[in-house]
Structure formats: C-alpha cells, structure tokens
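What follows is a single structure, written as structure tokens, with notes after it.
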Amino acid sequence: MKKHTKYDQEVTGAEALILSLLDEDVSIVFGYPGGAIMPVYDALYDYMEQLNHYLVRHEQGATHAAQGYSRVSGKAGVVFATSGPGATNLITGIADAQIDSTPLVCITGQVASHLLGTDAFQETDVVGISMPVTKWNIQVTKAEDIAPAIAKAFYIATSGRPGPVLVDITKDAQFGKTVYNYEKCEGIRSYFPTPKVNADDVEKAAAMINAAERPFILCGHGVLLSRAEKELLALAEKAQIPVASTLLGLSAFPPDHKLYTGYLGMHGNYGPNLLTNACDVLIAIGMRFDDRVTGNVEKYAKQAKVIHFEIDPSEVNKIIRADIAVMGDAKESLQALLPLTDKKDRTAWLNKFYDCNDVEFEKVIQKATQPDTKNILMSEVIHQLNNLTEGSAIVVTDVGQHQMITSRYYKSKLPNHFVTSGGLGTMGFGLPAAIGAKVALPHKQVIAVLGDGGFQMTIQELGTIMQSNIAVKILVVNNNFLGMVRQWQQLFFDRRYSFTEMKNPDFIAIAKGYGIKGKKITERKDLMNGLTEMLDSSESFLLEVVVENEENVFPMVTTGASVSEIILE
C-alpha cells in the first residue's frame, strides 16, 4: 500500500526526495542535518510518522549504522548528510560498505548550483571524492531529476554485487518545484548486474567435484548476500564436503555441523588454513580471496584445482586463478549444481580436519576458554557470552584483537547474525553498526563487542542510543592497549610498544552521563553475573571487562607466510 497520495501533484524537490524514499519502502534513515540539506529536513517534518529518522552524533556514525541495518535486514541503508564536512565525514563508512558489498543510499545536500566550483561555504566536490569508493554516484541540480536519480540509486545499490551509492543534491534543486511521479528502476542499458548462470560451466564444476577425493568449500559473504545458506548446506551434506568460512561468511553455515571446519584467515582455525594446501579441489563460493585468507599467494593451494562461484567478473582471476569460473548469483548457481553432484563418503578426508581440531583444542582453545591465568582473558569472555546466548544473538564487533577472538569463539547459529568490518577494518564501526542492527531487528538481542580503542572512535554515538532509547548491549573488553598493533609489536618489533598503550577514561561514568546503566568487571568470579545482568537488561547496558593486557590471538599466519605455516603459539 502506498504511503502517500501525491502523484501528479507539484511538490518541492526536497519533498520529491522524501516521497521517492517512501515509494522505495524506506522506513528508516540515519542522518545529521545542516544548511545545504535543510530543505530535505523541512520536508521530512511532515512525514515523520512514515519515515523514522535517527539522529546520529557524527556522519560517520550514520554510515556505519546504515551498514548494520543493511547487513541484518537485507535492505539498503539510507543516510542523510549536509555538504562539505558533513559529506566528507561519510567517506570512511562508504568505503567500508564498498569493500564489504553493503548496499547504502547516501544522500547529501550541496550548495546551490550557481555556486558550484566557487569554493562557497561548506562546498566540496563530494562526487569526485566519493567516486573511487562508490558503486555509482551523481549530482542532481534540477528538482525534476531527483526522483529518477533515487530510483536508479536503489536499483544499482541492491542489484548484483551490492554496494554504496551517493546522490548529491544542490540546494536550489531541493527548493525547486516539480510534478511528482515515481517509476522504480528495473534496468539500465549496458549494466548487467547478475550474469546468467552458464549450464556448461556448472556441469564442468560438478564433474570436477564428483571426481575429487579431497574437495573443500570456502564460503564467503556472497552466500549470505544471495540467501544461499540452504543450498550450501544441501551441497555439503550430499557430497560430504568440509566447509570453512571467511570472516564475512560467518553465520552462513551452521557452526555445530559436523562438516563445518571453522573459519579461514590470519587468525582463523588451524585445520581450514593448513588443509587448504592439501585439498585437490578448492570450491570458493561468494568470496574474493582476500589477502587475509590466502597469506602468501605464491604458496596458496598450488596442488588444487579451483572452482570459483562469483557474481562479480572483476573478482575472477584477480588474485587466484580459477580453473572453472561459474558466474552468477550464488543461490542460482548452487541450485543448478546440486542435482549434478554425486553422493560421496569422504570420511577419511574429514578426519584430517578433526585431527587438526584436536591439536588446536589442546594447544590453543582449551587454554583460551578455560584459563588458569590471574587476569580475565578476552577469549573466555566471548566463550561465556556464546554459552549464555547459545549463539542466537546478533553480535556486532569493532576491529582489533577482540574482533578476531569473537570470530573464533562466538558461534553464530543464524544467518546474518555476525556483523563486522572486514575489508577496510574500520575501528569505530562496532557501536553505530550495532545501533543500526537493533533498529532493523528490535526484537533481537544485539550485542556490540568493542575494544577500548575502537569504542572511543565513535563513543559519541551513545548519544544516539540515549535519544532514541535503543536497547543495544555494549561489551567493552578493555586491555588498555591497541591490542592488535601491540601483538605485532611484541612478536615482530622486540616489544617496542610505540604509542599503543591507552590511558582510558571511566567508561561507566561516561555511560551514566548518557543515561546508560553500566558495570565494570575486574575479577573472574564476577564475570558470569556481569554478563547475565547485561543480557537480562531491558534497556541499553554497558559492561566493561578489564582483561589481560598482553593476551595474544592464536593461531596466526604471519606476513609473507603460507597458510600451511600457521603457528599455534
């Protein structure tokens, strides 16, 4: 049902923008007003019941909140910002969304068109600045062009491999008049977002898989984006193929399934990394062979035939050469592949992963989750959190050691319930992204797991939580260090801790200033009660856990090393 009746009526460009968003079924916007986008905010005033706007405390927070919203809802996140510094403050979040394939529609105000290029107050060339980190962008200078631009923006952002777009609208276009009509964009000449699945390629892939003795599936973010979790599970079970996940692919495959071997990468699990260099067929689904996954590419899976299921042609053969590339949406490709694959008994191959699991448990996991140390470990905090929530909460991390530890010890059982910044690795992502996730799914338990460093990069978004009464749970694991950098300084720079030690404020007092309840835990005996109190709170809650300041994350693939050279301690 349409949310307005203003078709064929004359409206301002600003109102045309609001109506266009309603016609795209948008109900949530994250933003921050300013002079150049003021007409849009004035138009929004009459539509606040249909379009819920969340006032962030910094424009970067708006982009990360929109990312969190998008990642758990599957919809495009929408952002408003003004010109100049407002627009440039979006760039980090837009770049993060671009590399992690997250659909955003960012709408910025701009100075009047007659002032463009004059260095007017708060003028920047945001189209030029954002071009390298957007899927598409445009500057609109006429009111009648606003609705078509918005329609095109949503189509491009959400089709094919998703990504962020930016629509920059001059102030005179916002004030100008136009007769409103809206036509959703369903195609653009010369833009083919989803390649058609080639049956011959699927047959070749099936034949290679059927002939394999040691096939191995690498599951990436594309599985989640295409909603192909059931197809992946069916393929793995039918052919008895072990499955590992990339960082952004976490939650695409059941973590407690006998075929799940863990996650890939620099701090991933022992078996998946080691045995990448032992498989005979590597089946990559919706992943891009990021350097954190491959390690030294000259030593990566040289013994294996590679099958790459991918929607974006630019990713094929970019890093790892594919023997067979199956282009298209992952869900469609796997649906075509499944009937052609044979049932197999690959117990001997699976046992190799189980043997690796035993080694990792003895060398790493047991010590990390059942420590005999004086101080609390980050790993035991996350392990206990996982036990208490049974892996059912939406967990949003910031970036650093806690991110890697959460990836290892929190077992997300539901798709799109693990949200993190992958490709860009943006500190400050966690808190605003958790806000967006909670706004998208208010009935779900949403937990932001943050380090003391990243938390302080967007700590002002506690104000967004306060103003909009958003019941996000905030778990700060405080080691008083920039932990990941410190780990590298310890291992490779002779413990020369150059500017990584943090003198932190009283986080609980800061939370109290924003009207958020909090508690600080310093002793192991209080950990479970603290976690339980946080989870049981009906309101937002900040739990600070002071942890061992020199805890390291293992296993680890060091720079320049092969994935099979992964170290355990």
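Residue numbers count from 1 along this sequence.
Aromatic ring pairs are classed by plane angle as parallel below 30°, tilted from 30° to 60° and perpendicular above 60°; the pair Phe492 and Trp488 is tilted.
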Full working for ring pair (Phe, Tyr, Trp, His ring centres under 6.0 Å) between His308 and Phe289: CA-CA 10 Å; His308 196 171; Phe289 291 108; 5.2 Å; yes
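Within 6.0 Å of the NZ atom in Lys517, the count of heavy atoms belonging to other residues, nucleotides or ligands does not exceed 12. The 12-atom threshold is not exceeded at CZ of Phe493, counting heavy atoms of other residues, nucleotides or ligands nearer than 6.0 Å. In Lys75, the NZ atom is not crowded: 12 or fewer heavy atoms of neighbouring residues, nucleotides or ligands sit closer than 6.0 Å. Within a 6.0 Å sphere centred on OH of Tyr32, heavy atoms belonging to other residues, nucleotides or ligands number 12 at most.
Proximity of Val127 to Thr134: side-chain heavy atoms (C-beta onward) are nowhere separated by under 4.5 Å. Contact of the Gln445 side chain with the Lys473 side chain is registered, since non-hydrogen atoms from C-beta on lie closer than 4.5 Å.
Looking only at atom types and distance, the side chain of Gln401 has a donor-acceptor partner in the side chain of Gln487 under 3.5 Å away.
Across all their heavy atoms, Phe309 and Ser333 have their closest contact at CD2-CB, 3.7 Å. Between Gly34 and Thr82 the shortest heavy-atom distance is C-OG1, 3.5 Å.
At distances below 3.5 Å, not a single donor-acceptor pair connects side-chain atoms of Thr397 with backbone N or O atoms of Gln403. No donor-acceptor pair closer than 3.5 Å links the side chain of Ser70 to the backbone N or O of Ala76. At distances below 3.5 Å, at least one donor-acceptor pair connects side-chain atoms of Asn479 with backbone N or O atoms of Phe481.
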